[in-house]
Amino acid sequence: MSTNENTESTNHPYAQDVDQDNLLIIGKNFTAIGDLMGQGTVVVVGRLEGNMITTKAIIAAGSTVLGNLTCVQSDISGYVKGTIEAANVIIRKGAKIEGEINYSTLAMEQGSDVLGKLKKISPKPQTTQGPALTSYEARTEKPKLTETFALDIHPEWKQKLASDPISRADTRLEQNDGTPAPAWITLTADKCGIVVASEEFKALVAQGKSFKLRLTNGSDCFDFNLPA
């Protein structure tokens with residue numbers, strides 16, 4: 001994962017009035033690939049391809065997040081494609097969100113754009129360990145078992161992903177109707193396979209259901225089913 005580790009990050013306008021020991025800034029010219037999980041503040045000024053679980057998420061104007069957000073507070077001015085679950089949600093002018101928003105309190109400025117469902121939820125209790133959502137605690141009490149599946153994509157595509165980090169960063173996983181893939185299904189680091197949570201995958205098989213998924217890279221796409 002690439003992040004902006006500028007020693008002057010404490011002077012960043014988004015870094016004021018936050019715990020500097022629990023602050024992560026993804027800079028304007030950086031792309032972070034993979035899931036983020038922790039307690040503190042995450043500021044996305046560049047691009048994040050992955051899910052985020054944190055205390056506070058700030059999505060700056062001009063930034064992009066392709067993944068789900070789970071946090072106590074979210075302040076969004078950029079583009080998010082995924083499901084947002086937060087106690088307090090602020091959507092500022094110029095923000096664009098594609099996906100469901102589950103919130104306890106919501107503030108939307110005129111000029112923002114939400115393409116998806118808004119669902120009010122009951123506030124979740126805080127703990128003595130800090131302001132983290134119950135969903136965060138449930139997902140961090142013990143590691144979840146996962147399974148990895150290789151995708152039978154074309155060899156030329158695999159070679160392109162292996163040799164071109166920009167192409168790799170632009171590779172996305174979604175359902176074939178264009179909606180985000182479930183949070184428990186993610187791409188491997190090389191983008192040639194998927195990682196799934198064992199519990200959810202076993203439940204899917206037991207129910208006889210499947211997801212129709214699509215891997216996209218520019219004009220190329222690869223459709224597949226899970227389970228196959």
Side-chain angles (χ1 to χ4, degrees), residues 1-6 9 12-15 18 23-38 40-71 73-86 89-103 106-109 111-118 160-161 164-183 185-191 194 213-221:
M1 179 180 294
S2 299
T3 58
N4 188 354
E5 297 180 338
N6 190 333
S9 63
H12 196 283
Y14 289 102
V18 299
L23 169 66
L24 173 65
I25 298 177
I26 300 174
K28 181 178 181 180
N29 298 317
F30 285 80
T31 295
I33 301 174
D35 295 342
L36 294 176
M37 185 178 296
T41 300
V42 178
V43 181
V44 181
V45 187
R47 182 184 180 96
L48 170 64
E49 297 183 10
N51 304 314
M52 182 195 308
I53 302 176
T54 187
T55 309
K56 183 176 182 179
I58 300 175
I59 314 303
S63 66
T64 297
V65 174
L66 303 177
N68 303 321
L69 303 182
T70 302
C71 52
Q73 301 178 54
S74 62
D75 190 326
I76 302 170
S77 301
Y79 172 65
V80 177
K81 185 174 183 179
T83 298
I84 299 172
E85 181 176 348
V89 180
I90 299 175
I91 305 174
R92 301 191 183 276
K93 180 180 179 181
K96 182 175 181 179
I97 299 173
E98 295 185 35
E100 184 173 302
I101 302 175
N102 300 315
Y103 65 92
L106 173 67
M108 292 181 61
E109 293 183 353
S112 60
D113 189 9
V114 176
L115 303 176
K117 297 180 180 179
L118 298 175
K160 180 181 179 182
L161 292 174
D164 186 355
I166 295 178
S167 177
R168 194 161 57 245
D170 285 337
T171 301
R172 301 177 181 80
L173 177 67
E174 58 189 12
Q175 298 189 59
N176 66 357
D177 61 1
T179 58
I185 307 174
T186 58
L187 285 171
T188 56
D190 62 3
K191 303 299 181 74
I194 57 173
L213 300 170
R214 173 169 294 168
L215 189 68
T216 62
N217 179 279
S219 59
D220 297 324
C221 66

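Scope of the values below: all heavy atoms of this structure, side chains included, with no hydrogens, waters or symmetry mates. In this text the structure is predicted, and so the values were computed from the model without any measurement.
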Next on the checklist: Can you give me the closest heavy-atom contact between Ala60 and Val45, atom names plus distance?
Outcome noted: CB-CA, 4.1 Å
Item to check | Nearest heavy-atom neighbours spanning Leu187 and Thr171 | outcome: CD1-O, 4.0 Å
Checklist entry - Which is it for Val65 and Ile76 under the side chain to side chain contact (heavy atoms under 4.5 Å, CB included) test, yes or no, and what are the steps along the way? => result CA-CA 10 Å; Val65 174; Ile76 302 170; over 6 Å; no
Checklist outcome for this item: Nearest heavy-atom approach of Ile91 to Ala95 is CG2-CB, 3.8 Å
Checklist entry - Where the side chain of Glu98 meets the backbone of Lys81, is there a donor-acceptor pair that is under 3.5 Å apart? => result no
Next on the checklist: As a test of understanding, state which of Leu24, Leu23, Ile26 forms a side-chain contact (heavy atoms from CB on, under 4.5 Å) with Val43.
Outcome noted: Leu23
Checklist entry - Any donor and acceptor pair, going by atom type alone, linking the side chain of Ser77 with main-chain N or O of Arg92 inside 3.5 Å? => result no
Checklist entry - Atom CG in Leu215, atom CZ in Arg172: separation rounded to 0.5 Å? => result 11.0 Å
Checklist entry - Is it true that a side-chain atom of Thr55 and a backbone atom of Thr41 form a donor plus acceptor pair closer than 3.5 Å? => result no
Next on the checklist: Would the distance check show the side chain of Asn68 and the main-chain N or O of Thr83 forming a donor-acceptor pair, the cut-off being under 3.5 Å?
Outcome noted: yes
Item to check | Salt-bridge criterion met for Glu100 and Lys117 (N-O under 4.0 Å) | outcome: no
Item to check | Separation between CE of Met108 and CG of Leu118, rounded to the nearest 0.5 Å | outcome: 6.5 Å
Item to check | Audit row: Thr54, Leu36, side chain to side chain contact (heavy atoms under 4.5 Å, CB included) steps and yes/no | outcome: CA-CA 8 Å; Thr54 187; Leu36 294 176; over 6 Å; no
Checklist entry - For the atom pair SG (Cys221) and CG (Asn176), what is the distance rounded to the nearest 0.5 Å? => result 9.5 Å
Checklist entry - Can you name the closest pair of heavy atoms from Pro180 and Gly82 and give their distance? => result CG-CA, 3.7 Å
Checklist outcome for this item: Scanning both residues in full, the closest heavy-atom pair of Lys191 with Glu49 reads NZ-OE1, 3.3 Å
Checklist outcome for this item: Distance col, row Met37:CE vs Ile53:CD1, nearest 0.5 angstrom, shows 3.5 Å
Item to check | Distance in Å, Leu66 CG paired with Leu48 CG, rounded so as to fall on 0.5 Å steps | outcome: 8.0 Å
Checklist outcome for this item: Closest heavy-atom pair, Lys56 versus Cys71, reported as atoms and distance to 0.1 Å, is N-CB, 4.5 Å
Checklist outcome for this item: In short, salt bridge (Lys or Arg N to Asp or Glu O under 4.0 Å) pairs touching residues 58-69 with sequence neighbours left out are none
Next on the checklist: Strictly distance-based, threshold 3.5 Å: is any side-chain N or O of Asp35 a donor or acceptor partner for the main-chain N or O of Asn51?
Outcome noted: yes
Next on the checklist: Return the CD1 to CG distance between Ile33 and Asp190, rounded to the nearest 0.5 Å.
Outcome noted: 11.0 Å
